[in-house]
Amino acid sequence: MPEGHSVHRIARQFKVNFVGERPAVSSPQGRFSEGAAMIDGREMTDARAVGKQMFLEFDHSDWLRVHLGIYGAWDFAGDVRVDPTIQIHGYTPGHSKLGQTGEYSRPDGAVAKNISALDRDGEDSVTSIGAPRRARVRMAEQDSEREDRRAFPPDPVGQVRVRLLTETVCADLRGPTACEVLTPGEVDKVLQRLGPDPANENTPAERDRFVDRASAKRTAIGLVLMDQSVLAGIGNVYRAELLFRAGIDPHTPANSIDRAALEALWDDWAELLDIGITVGQMITIDGLEGADYDRALRERDERHWVYKLEGTPCKRCGTNITLEEMGNRKLYWCAGCQH
DNA sequence: CATCGATGTTGAG
DNA sequence: TCAACCTCGATGG
């Protein structure tokens, strides 16, 4: 799925295109007709992401909670506005770059240099930022933007669980694991079961919350990082890549890891997440520039250290990358680099 | 064109 | 522990 970064991107798209509007809400597929009727025509007053969950608020009271699960996706259509803080890459024939992103500044004031490579004209790598334009924008595991010549609003394609529709924009949800209307109290209950999310609050206190929860567990750190009640938003890709970057063996019991090392994990996660939100790709190899960076945008193998690279030599030490099962998921790591 | 597998979670057993 | 959820790109014949 979409790990945490995608959900933050989608929430930003809702902020820009729907908050302040009174969308018509329906369930073309029918499986969410009752819930849709509860929020139909009401004003969307907030859009938030916490970990992998998104919450859309209506009339400052009820919330639509959406979890994309492993293959859920949102499709935006119509005159779609792209949030100025995010980039969307995709093949868009004849579509020149609409905006310059320049260097990308992080909340701490530092500048992530490898992002600046985006300001170049690319044949099939396009940075899309700017005014609303007629487009189809898919927000899922892999975001994309295409021209859209269909009439507006488009006929629902496939099983659309929810459609939100304003005069100018349409958002279709398909394949979610969760889609329900909640009261504020019910939302609180969900949030209580979620750990901190550095994209919402990256403070020493929040970092301590993570470190406290993690160091209370003797479970393998590879499992703890996937536990959404410890740290919200990490999935299978970021887990593998974060542990490689930290040089930590995924089997290490969390409670045997230094506080300082756990703090460093939080900091690194905050940084990777930030890049993921901005770029729309899980770029977990640092310092790529120019053609290398462009290649990383297109090819998964070029942006990761270990994920789905089993059997190939580690890019750092040459040891073959290991694949094993951990917690019903595939775990990729380098026995040469991670101890 | 059929089949597989996935960046996730829930809930039955 | 494992199937179900229900989508779709990648893979193979």
Side-chain angles (χ1 to χ4, degrees), chain A residues 1-10 27-32 49-55 65-75 89-91 124 136 138-144 146 156-163 171-180 182 186 189-191 193-195 197 199 219 222-245 250 269 272-273 275-277 279-285 296-310 323-333:
Chain A
M1 151 198 189
E3 300 195 21
H5 70 298
S6 323
V7 184
H8 281 279
R9 288 166 61 81
I10 295 165
S27 178
Q29 169 205 55
R31 276 185 60 181
F32 187 63
V50 181
K52 298 170 191 164
Q53 318 223 14
M54 183 174 68
F55 302 88
R65 178 180 82 97
V66 173
H67 193 303
L68 293 178
I70 201 162
Y71 39 57
W74 282 99
D75 284 304
H89 303 278
Y91 180 61
D124 51 0
R136 281 176 89 164
R138 154 147 294 218
M139 309 210 61
E141 161 185 331
Q142 180 84 23
D143 296 342
S144 69
R146 309 160 32 181
V157 177
Q159 302 281 95
V160 176
R161 184 77 60 88
V162 192
R163 164 168 283 193
D172 286 347
L173 170 66
R174 46 182 23 96
T177 269
C179 174
E180 57 181 353
L182 300 180
E186 290 168 327
K189 252 188 256 169
V190 174
L191 295 181
R193 282 186 262 114
L194 291 175
D197 178 342
T219 317
L223 289 172
V224 169
L225 289 185
M226 296 275 276
D227 182 340
Q228 302 299 303
S229 68
V230 174
L231 189 51
I234 293 182
N236 206 23
V237 177
Y238 279 129
R239 151 179 80 176
E241 296 291 311
L242 281 163
L243 289 171
F244 176 88
R245 289 164 62 93
W269 166 228
L272 291 186
L273 175 58
I275 291 169
I277 291 171
V279 177
Q281 297 272 23
M282 292 184 266
I283 302 203
T284 53
I285 297 185
L297 287 177
R298 287 194 299 270
E299 316 233 8
R300 187 180 52 213
D301 291 0
E302 302 298 323
R303 54 181 179 257
H304 298 321
W305 292 106
V306 293
Y307 180 74
K308 284 213 171 154
L309 289 168
E310 72 275 19
L323 167 59
E324 64 181 75
E325 289 277 317
M326 183 184 264
N328 282 334
R329 307 297 297 278
K330 299 204 183 286
L331 169 68
Y332 304 84
W333 64 293

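Just so you know, these numbers come straight off a predicted model, no measurement behind them. We use all heavy atoms of the structure for the numbers below, so side chains are in, but hydrogens, waters and symmetry mates are not. Each chain gets a letter, A, B and so on, in the order the sequences are listed, and its residues count up from 1.
- Using a 4.5 Å heavy-atom cutoff, the side chains of A:I285 and A:H304 are not in contact.
- Each of A:N328 and A:R303 lies near DNA chain B, and the nucleotide nearest A:R303 is the one positioned closer to the 5' end.
- Nearest to the side-chain atoms of A:I70 among the listed nucleotides B:dA6, C:dT7, C:dC2 stands B:dA6.
- The side chain of A:Q228 approaches B:dT9 more closely than any other nucleotide in the set B:dG8, B:dT9, C:dC2.
- As a whole-Å value, the separation of A:L68 CG from C:dC5 C1' is 14 Å.
- The nearest whole Å value for the distance from the CG atom in A:N236 to the P atom in B:dG8 is 6 Å.
- At a threshold of 4.0 angstrom between heavy atoms, the contacts of A:R138 are confined to the sugar-phosphate backbone, with no base atom among them.
- In the set B:dA6, B:dG8, C:dT7, the nucleotide with an atom closest to the side chain of A:K52 is B:dG8.
- Across B:dA6, C:dT7, C:dC2, the shortest atom-to-atom separation from the side chain of A:Y307 is found for B:dA6.
- Rounded to a whole angstrom, the distance from the C1' atom of C:dC8 to that of B:dT10 is 22 Å.
- Residues A:V66 and A:Q53 are not in side-chain contact: their nearest non-hydrogen atoms beyond the backbone lie 4.5 Å or more apart.
- Between A:L173 and A:L68, the shortest heavy-atom contact is CD1-CD2, 3.6 Å.
- Ring-plane geometry between A:W305 and A:F244 is classed as parallel, the angle between the planes falling under 30 degrees on a 0 to 90 degree scale with a further cut at 60.
- By the 4.0 Å N-to-carboxylate-O rule, A:K52 lies too far from A:E3 to be salt-bridged with it.
- As rounded to the nearest Å, B:dG13 and C:dC5 have P atoms that lie 13 Å from one another.
- OP1 and OP2 of B:dT9 both lie 4.0 Å or more from every side-chain N or O belonging to A:R329.
- Distance A:M226 CE to B:dG8 C1': 8 Å, rounded to the nearest Å.
- At whole-Å resolution of the value, CG in A:D227 and P in B:dT10 are 11 Å apart.
- The distance from atom CZ of A:R161 to atom C1' of C:dC5 is 9 Å, rounded to the nearest whole Å.
- One can place CZ of A:R193 at 15 Å from C1' of B:dG8, the figure rounded to the nearest angstrom.
- Atom CD of A:E325 and atom P of C:dT1 are 12 Å apart (whole Å).
- Rounded to an integer number of Å, the gap from A:Q29 CD to C:dT7 C1' is 12 Å.
- For A:K308, the side-chain atoms get nearest to B:dA6 when compared with the rest of C:dC2, B:dA6, B:dG8.
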